[in-house]
S.K.: 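First the structure, then my questions, so here it is.
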Amino acid sequence: MKRKNILFKIENGIGLITINRPDQLNALNNKTIEELHQQFEEIKNDKNIKVIIITGEGDKAFVAGADIKEFANFSKEQGKKLAKNGQDKLFNLIENFSKPVIAAINGFALGGGLELAMACHIRIASENAKMGLPEVSLGVIPGYGGTQRLAQLIGKGKAFELITTAQMISSKEALEYGLINHLESQENLIQKCLEISRQIMKNSPNAIAAAIKSINAGYNKELNGYNEEIESFGNCFESDEFSEGTQAFLEKRRPNF
Ligand code: COA
């Protein structure tokens, strides 16, 4: 289905989603969140897509935040609804997606933009990227999971500093903080994401989905990550991919997942 605010293409098993509002620095308005939700739902069970890369159109921004123009006059109830709707429909959907989602941070990733990147499983940023959660400078706080995921990724002390100062950091600092996995030149950003995707695609999709579920369980207060791991580990033994993976090893050949 053709969508207005995002572009989507599939190449060799990799889905590339591009947020396409460059004149607004790809700010996440309601419609864009809805379209992203629909896109992720549409590819959820598509076995031909193994990895998803998400980026922003243009060379200036990944996503410069939630759309400030859209929420400027919101009431308390509308504010709560905005955060809950976004978390349920998009940010948690991505975090729990059974296929790896890679954020290709090609410029500003601020507020909701950094929150979107943090919901992804892997983050690669270009040298020109700038990251931050500047919400307190607008009199609000991060509402798409930023207070939680930033502390998980870089530790509580640094998260307190970044959020309370509202400062932006460079991709070099983000790499030192552990906020991003790799730093690349802008020309090589997508290439690096494709390279990691191809590496992932050599492995069992079923086992990858189980690993994502187990890692996330450790950050969910209602679950026990170790128990989830035992459960998922056991389930893998019933899968055809496990038979193929172990058989291929014994036959000294590459597995065909
Ligand atoms: N929401 C809505 N519109 C946004 C936006 C956002 N988060 N970020 C940028 N835009 C819009 C600008 O309003 C401008 O639109 P206009 O031409 O219709 O006025 C356009 O994108 C270009 O942005 P501009 O501010 O002119 O670019 P810049 O290079 O001077 O500055 C930033 C870039 C990222 C520093 C600046 O746009 C900014 O501070 N954005 C908001 C960041 C933020 O606070 N995000 C958290 C939101 S919760």
Side-chain angles (χ1 to χ4, degrees), residues 3-7 17-37 54-95 103-120 123 125-154 158-174 177 179-180 183 186 189:
R3 305 201 155 93
K4 190 169 156 269
N5 294 344
I6 64 171
L7 306 170
I17 300 177
T18 306
I19 299 169
N20 188 28
R21 297 183 74 212
D23 59 326
Q24 297 298 302
L25 303 188
N26 303 320
L28 286 182
N29 60 0
N30 208 12
K31 181 151 178 49
T32 309
I33 291 196
E34 183 56 40
E35 289 189 2
L36 285 166
H37 168 79
I54 181 162
T55 194
E57 180 63 23
D59 54 12
K60 199 168 164 186
F62 172 70
V63 169
D67 193 317
I68 302 168
K69 289 161 189 157
E70 203 172 65
F71 68 63
N73 296 315
F74 272 16
S75 65
K76 171 178 160 180
E77 285 316 315
Q78 286 172 304
K80 272 195 200 175
K81 203 170 152 206
L82 180 77
K84 178 152 177 38
N85 184 55
Q87 289 193 16
D88 290 350
K89 280 201 144 171
L90 185 62
F91 295 76
N92 296 346
L93 177 67
I94 293 179
E95 183 170 68
I105 307 172
N106 57 315
F108 289 113
L110 302 173
L114 182 56
E115 290 175 297
L116 179 65
M118 291 194 295
C120 296
R123 282 156 294 284
S126 56
E127 281 159 350
N128 63 314
K130 290 258 186 296
M131 285 157 257
L133 292 179
E135 284 88 344
V136 297
S137 70
L138 298 166
V140 69
I141 66 166
Y144 290 147
T147 61
Q148 307 304 299
R149 293 193 182 101
L150 186 64
Q152 286 167 10
L153 285 164
I154 68 172
K158 287 200 176 79
F160 274 128
E161 184 179 338
L162 265 192
I163 291 175
T164 57
T165 60
Q167 86 188 99
M168 282 187 219
I169 57 169
S170 66
S171 29
K172 191 167 170 285
E173 287 169 296
Y177 282 20
L179 182 54
I180 59 169
L183 169 56
Q186 199 163 24
L189 178 65

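Just so you know, residue 1 is the first one in the sequence shown, and it goes up from there. In each ligand, atom 1 is the first atom listed, and ligand 1 is the first ligand listed.
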S.K.: What is the distance from atom CG of Asn20 to atom CG of Asn5, rounded to the nearest 0.5 Å?
M.R.: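 With rounding to 0.5 Å, CG (Asn20) is 7.5 Å from CG (Asn5).
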
S.K.: I'd like to know if atom 26 (O) of ligand 1 has any protein heavy atom within a distance of less than 4.0 Å.
M.R.: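 Under the 4.0 Å cut-off, atom 26 (O) of ligand 1 has no protein heavy-atom neighbours at all.
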
S.K.: Do you know the tightest heavy-atom contact between Asn92 and Arg149?
M.R.: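 What the structure gives for the nearest pair is OD1-NH2, 3.0 Å.
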
S.K.: Quick one: does NZ or CZ of Lys130 land under 6.0 Å from the six-membered ring centre of Phe108, within 45 degrees of the ring axis?
M.R.: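 Because its charged atom misses either the 6.0 Å distance or the 45° angle limit, Lys130 does not stack over Phe108.
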
S.K.: Would you mind running through ligand 1 and noting each atom that sits below 4.0 Å from a heavy atom of Pro134?
M.R.: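 Answer, ordered by atom number: 43 (C), 44 (O), 45 (N), 46 (C).
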
S.K.: Below the 3.5 angstrom mark, is there an N/O of Ala66, backbone or side chain, next to an N/O of ligand 1?
M.R.: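 N/O-N/O distance under 3.5 Å: yes.
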
S.K.: Kindly indicate, with the supporting measurements, whether the criterion salt bridge (charged side-chain N to carboxylate O under 4.0 Å, His left out) is fulfilled by Lys31 and Glu35.
M.R.: CA-CA 6 Å; Lys31 181 151 178 49; Glu35 289 189 2; 3.0 Å; yes

S.K.: My question is simple, although I want it checked carefully: is atom 10 (N) of ligand 1 less than 4.0 angstrom from any protein heavy atom?
M.R.: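 Given the 4.0 Å limit, the answer for atom 10 (N) of ligand 1 is yes, a protein heavy atom qualifies.
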
S.K.: Please identify which atoms of ligand 1 are closer than 4.0 Å to at least one heavy atom of Leu110.
M.R.: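 Under 4.0 Å from Leu110, ligand 1 has these atoms: 34 (C), 42 (C).
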
S.K.: Please determine if Gly111 has a nitrogen or oxygen closer than 3.5 Å to a nitrogen or oxygen of ligand 1.
M.R.: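 It does not: no N or O of Gly111 is found under 3.5 Å from an N or O of ligand 1.
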
S.K.: If you measure every N/O of Phe71 against every N/O of ligand 1, is any gap under 3.5 Å?
M.R.: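 No, no N or O pair falls under 3.5 Å.
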
S.K.: Considering Lys69, Arg21, Gln24 one by one, which has a heavy atom nearer to atom 13 (O) of ligand 1 than any of the others?
M.R.: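 Checking each option, the heavy atom nearest atom 13 (O) of ligand 1 is found in Lys69.
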
S.K.: Considering residues, nucleotides and ligands other than Asn73, do more than 12 of their heavy atoms fall under 6.0 Å from its CG?
M.R.: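 At most 12 heavy atoms, drawn from other residues, nucleotides or ligands, come within 6.0 Å of this atom.
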
S.K.: Is there at least one protein heavy-atom neighbour under 4.0 Å from atom 39 (O) of ligand 1?
M.R.: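 Neighbour list for atom 39 (O) of ligand 1 is empty of protein heavy atoms (cut-off 4.0 Å).
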
S.K.: Relative to the heavy atoms of Glu135, which atoms of ligand 1 are at a distance of less than 4.0 Å?
M.R.: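 Contacts of ligand 1 toward Glu135, numbered from 1: 48 (S).
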
